[in-house]
Amino acid sequence: MILVTGATGSTGGHLVSQLKARGSAFKALVRDRGKGDALGAPYAVGDFADPASLAAAMAGVDRVFLASPGAQGYLVDGEQPMIRWERNVIDAAKAAGVRHVVKLSVWNARIGGPMSEGGHGAVEAYLKESGLEWTMLQPGGYMQNFLRPETSLGDEDGNLIGPEGDARVAFVDCFDIAAVAAELLTGDTGRNNSYVITGPEAVTYTEIAAKLSEGRGRPVGFRGEPARVIADRLRGYGLDSQLADDLAGQYASLGAGVYEEVTDVVERFTGRKPRDFDAFMAANPQAYPALASSAR
Ligand SMILES: NC(=O)c1ccc[n+]([C@@H]2O[C@H](COP(=O)([O-])OP(=O)(O)OC[C@H]3O[C@@H](n4cnc5c(N)ncnc54)[C@H](OP(=O)(O)O)[C@@H]3O)[C@@H](O)[C@H]2O)c1
């Protein structure tokens, strides 16, 4: 039996649908009954911050998909909540005799890195030392970021704002991260390994703006901004100052081409190419209504 955490999230939501379609034995961890009922799948109610609820959710479970919201920009008792939360899940899994944890991490996860990469780096190290079998999924940028205003910067006219440099970025659709996770959780491959997961090609922000124009049915321009301007912009949206600086640094890395490598991980595990940006947009007609008629 698989436990899917983060089951209402961008990746976990696809994983729930895909495990359902496969007829796999699984349950979702959700924070309340309303969310569980909406999933239309077996679920356990629990919270990452509540170890007793996690222990109860682990009943009968032998594999876990671990996904939390990641860095949130504040510390509790000097530590990022995500680190404690994910450790709680790993501890509960170990105590329940779980064999394998598939962790949703991030490309360049490392101890001591900025908030996101540093938080994931700390959890990766904890999981590796736990004695459980593990697999780290390390995506770069999500295509889903272009669905949510808080993860895709824009100006008041709906134009896209991104890093200076406009290098290529190998954005991935969470649908494909979930597909790799489904293979790992239902088979016996990929144990004790880390995988950088990307889409099928690397695209520039300028190219994405052109695609968004097509999808939204109106012109979308692109403007590259220096990291310090992006950091101020993020602070203006109410983000914690440290997280704003870290994210702006990540934008700068995107603009410098740090995330342009394309890997074949999705195809290796699923036997098919990952979705490109056009397919991602067609699969999200609510956000890209001008393409609704050609949804794949
Ligand atoms: N965005 C990117 O480009 C990117 C790139 C690489 C890696 N990542 C990593 O991807 C991860 C996020 O994945 P995602 O986007 O698929 O997830 P997401 O959409 O951010 O969803 C987060 C999930 O965690 C659940 N959750 C939040 N707080 C919880 C709590 N206290 N107890 C139990 N569940 C809780 C949420 O449930 P509710 O519905 O109850 O809120 C939701 O299901 C982060 O670790 C991030 O660092 C992101």
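First listed ligand is number 1; within each ligand, the first listed atom is number 1.
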Non-hydrogen atoms of [X] versus ligand 1: any pair closer than 4.0 Å?
X	value
M82	no
G119	no
G140	yes

May I ask you to check whether [X] and [Y] show a side-chain donor-acceptor distance below 3.5 Å?
X	Y	value
D91	Y126	yes
R268	Y195	no
N192	E133	no
Q242	D246	yes
S68	E86	yes

Consider every N or O of [X] and every N or O of ligand 1, then say whether any pair is closer than 3.5 Å.
X	value
A49	no
W85	no
E86	no

Between C174 and ligand 1, find which residue part has any heavy-atom pair under 4.0 Å and reply side chain, backbone, both or neither.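 For C174, there is no contact with ligand 1 at all, from either part.
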
Quick one: does ligand 1 sit under 4.0 Å from the side chain of S68, the backbone, both or neither, non-hydrogen atoms only?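 Within the 4.0 Å criterion, S68 contacts ligand 1 through backbone atoms alone.
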
Pick from [options]: the one approaching [atom] most closely through a non-hydrogen atom:
atom	options	answer
atom 9 (C) of ligand 1	Y142, Y259, F48	Y142
atom 31 (N) of ligand 1	D47, L66, L104	D47
atom 27 (C) of ligand 1	G13, S10, P69	P69
atom 3 (O) of ligand 1	N145, V89, V45	N145

Under the ring-ring contact (aromatic ring centres under 6.0 Å, His included) rule, what pairs show up with a residue in residues 209-228, not counting sequence neighbours?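 As it turns out, the ring-ring contact (aromatic ring centres under 6.0 Å, His included) pairs with a partner in residues 209-228, which skip direct neighbours, are Y205-F222.
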
Mark up the atoms of ligand 1 that fall under 4.0 Å of a heavy atom belonging to [X], in ascending order.
X	value
G70	44 (C), 45 (O), 47 (O)
V106	6 (C), 7 (C)
H120	44 (C), 45 (O), 46 (C), 47 (O)
A7	43 (O)
S105	7 (C), 9 (C)
T11	16 (O)
G6	23 (C), 24 (O), 43 (O)
G141	3 (O)

Other residues, nucleotides and ligands only: do more than 12 of their heavy atoms fall within 6.0 Å of NZ on K273?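 Atom NZ in K273 is not crowded, with 12 or fewer foreign heavy atoms closer than 6.0 Å.
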
Is it true that atom CZ of R22 has more than 12 heavy atoms of other residues, nucleotides or ligands lying nearer than 6.0 Å?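 Yes, because the 6.0 Å sphere around CZ of R22 holds more than 12 heavy atoms from other groups.
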
Quick check against the 3.5 Å criterion: does D155 have a side-chain atom that pairs as donor or acceptor with the backbone of G158?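 Side chain of D155 to backbone of G158: a pair is present.
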
Please report the shortest heavy-atom distance between E225 and I230, naming the atom on each side.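 Heavy atoms of E225 and I230 come nearest at O-CD1, 3.6 Å.
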
Show the nearest heavy-atom pair for residues E260 and G257, with the distance to one decimal.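 Where E260 meets G257 most closely, the heavy atoms are CG-O, 3.2 Å.
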
Distance under 6.0 Å and angle within 45° of ring axis: K128 vs W134: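 Yes; both conditions hold, so K128 lies above the ring face of W134.
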
